[in-house]
Enquirer: 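Mind having a look at this structure? Questions to follow.
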Amino acid sequence: MKKFVAFALVIIALFLIFLFAKNIFMLSMTQSPLSQVPDKSQEAYSAQAIPERNIYAIDAEYDGKDKIKAVMDFTCVNKTEKVYDILYFHLYPNIFSSPSRVPFFKGDLSRVFPEGFSYGAIQIKQVKQKDKDIKWSFEEGGEILKLFLAEPISAGNFSNLHMQFEVTIPKARFRFGYQTFGNDKITVSLGNWYPILAVNDGGKWSLEKHYAIGDCTYSDMADYKVSITVPQDFVVAASGSLEKNEVRSNKVVYIYSIDNIREFGAAISNNYQTSSDEIDGIIITSYFYPEDKEGGFMALNIAKYALGIFNESFGKYPYPELRIAEANYYPGGMEFPTFIMMDNAKYTQSNISNLSLERSTAHEVAHQWWYNLVGSNQITEPWLDEGITEFSTLYYFENRYGAPGKDSYFEKFVIGSKDFVIKNRSHMLDPLPAFKSQQDYFSTVYIGGVLFYDDLRNQIGKENLLDFFRSYCKTFKYKNVTLKEFEEFLRDKKYEALDESFYKKWFNP
């Protein structure tokens, strides 16, 4: 009996030693920065409900110049009524893979590439589904990644994909690109830089290409958790809330996390200073170069006032933070959810004094409602988000500065374009490929939107217009809306002043 007890004690001791060793081993495996924040992978949900939306968990490392190595765990939630056996992802960086692929107008090439064409691309190294290698191919010259799933995703179900990819950033003044300046200073604009799942509309994948003008993305809402490791003297400004930034072996790891946004944008620089302010409980941070302090402070002030005006007029901004960063984007400003990228040219004294910085900043803040909260296909129906956003920009000037603000905006941006809009053969409801120049696009879509909503306000009154904005945002919040749905929504409001002549005037090209 004593021998049996001793033997049992030995067995128990060995078992406890095994458990202890196993725990130590598991702890040693947590080398990824993302392992230290809440896990949103498929395994984490295995005993829970299906995730509400797609999830992007990205772990990236930037080399300090033009390369990024990354892994992405993507949780795909099938909300359609059909089985997914193939998935399509946009690979936007591949528009820079050759001079013949860049989509820009000839007259804009020198603005995009001040030093001549620069190569950029995204290379897919590996894709797995539940530890199984899966096959893929490319379409549209490499702009579309087609994945052949090892295990189809049934309607109402979800699955996890693991991707490894590498990014080469072009030397370009664009939403995706970098520029060098001063003594070893560099700023990287990271827009649309990772594989982005295409939208599935009624069983059909939307695979529109990147065009010379406008915004290239059409996305569903998703949750994001992104770790970006950079050299120690760099700062990362990005979408979401900064959960952590810590130094590790002469590098800094930035971890951003946010739920319910359409895409993730960032800017990286070793020349940033910051300033912050707050309104309605929302923290706003401006990132700017030391030599551009005046523009950086002004951008912060404009964003603060714009948020306050739009919160009251459209409904409360639902996120805790907003960032605006000086970067490289030759058209001016570029919106991302909770993050704005502003070209450094906007911070010059001439653009500060001529309303250019103020107009661009207010416009991009308005996009937080009309693009992120209420989405639409920006390629086939760009007016839906740009028209209402540009009118919101006018509304900012009018509400902040009164009648002189409205008059100043009209004098600067509308009067010179009004005749062009009326006589132009293009229509504000046209898709991006229909526009043949930047002026054609801006005047027709943006200023056409201002004229439409100003006419609508004149017909139904200011209070009814604000009611329309609030109810429109509430109805389509976190969704994608079509032009047909927009017109039906407006008609269903049954404003007495709107007859068929109004709809014929604006909605019949």
Enquirer: Does the salt bridge (charged side-chain N to carboxylate O under 4.0 Å, His left out) test come out yes or no for Asp220 and Arg53, once each step is laid out?
Expert: CA-CA 9 Å; Asp220 286 319; Arg53 60 195 72 87; over 6 Å; no
Enquirer: Identify whether the distance between the nearest side-chain nitrogen and carboxylate oxygen of Arg101 and Glu143 falls below 4.0 Å.
Expert: yes
Enquirer: With no hydrogens and no angle check, just 3.5 Å: does a side-chain donor-acceptor pair link Asn200 and Thr80?
Expert: no
Enquirer: Classify the side-chain pair Gln378/Tyr211 by whether it contains a donor and acceptor separated by less than 3.5 Å.
Expert: no
Enquirer: Ignoring hydrogens and geometry beyond distance, is a side-chain donor-acceptor pair present between Ser392 and Trp369 at under 3.5 Å?
Expert: no
Enquirer: List the atom of Ile58, the atom of Ala70, and the distance in Å for their closest heavy-atom pair.
Expert: CG2-CB, 4.4 Å
Enquirer: I'd like to know if Glu390 pairs up with Arg359 as an ion pair, taking the criterion as any Lys NZ or Arg NE/NH1/NH2 lying under 4.0 Å from an Asp or Glu carboxylate oxygen.
Expert: yes
Enquirer: Classify the ring geometry of Phe486 against Trp383: parallel below 30°, tilted from 30° to 60°, perpendicular beyond 60°.
Expert: perpendicular
Enquirer: Would you tell me whether Tyr401 and Glu358 have side-chain atoms, one donor and one acceptor, within less than 3.5 Å of each other?
Expert: yes
Enquirer: Less than 6.0 angstrom separating the ring centers of Tyr272 and Phe288, yes or no?
Expert: no
Enquirer: Please, which pairs that meet salt bridge (Lys or Arg N to Asp or Glu O under 4.0 Å) have at least one residue in residues 449-459, sequence neighbours excluded?
Expert: Glu398-Arg457, Lys406-Asp454, Asp454-Arg457, Asp455-Lys505
Enquirer: Do Tyr446 and Phe413 have ring centres separated by under 6.0 Å?
Expert: no
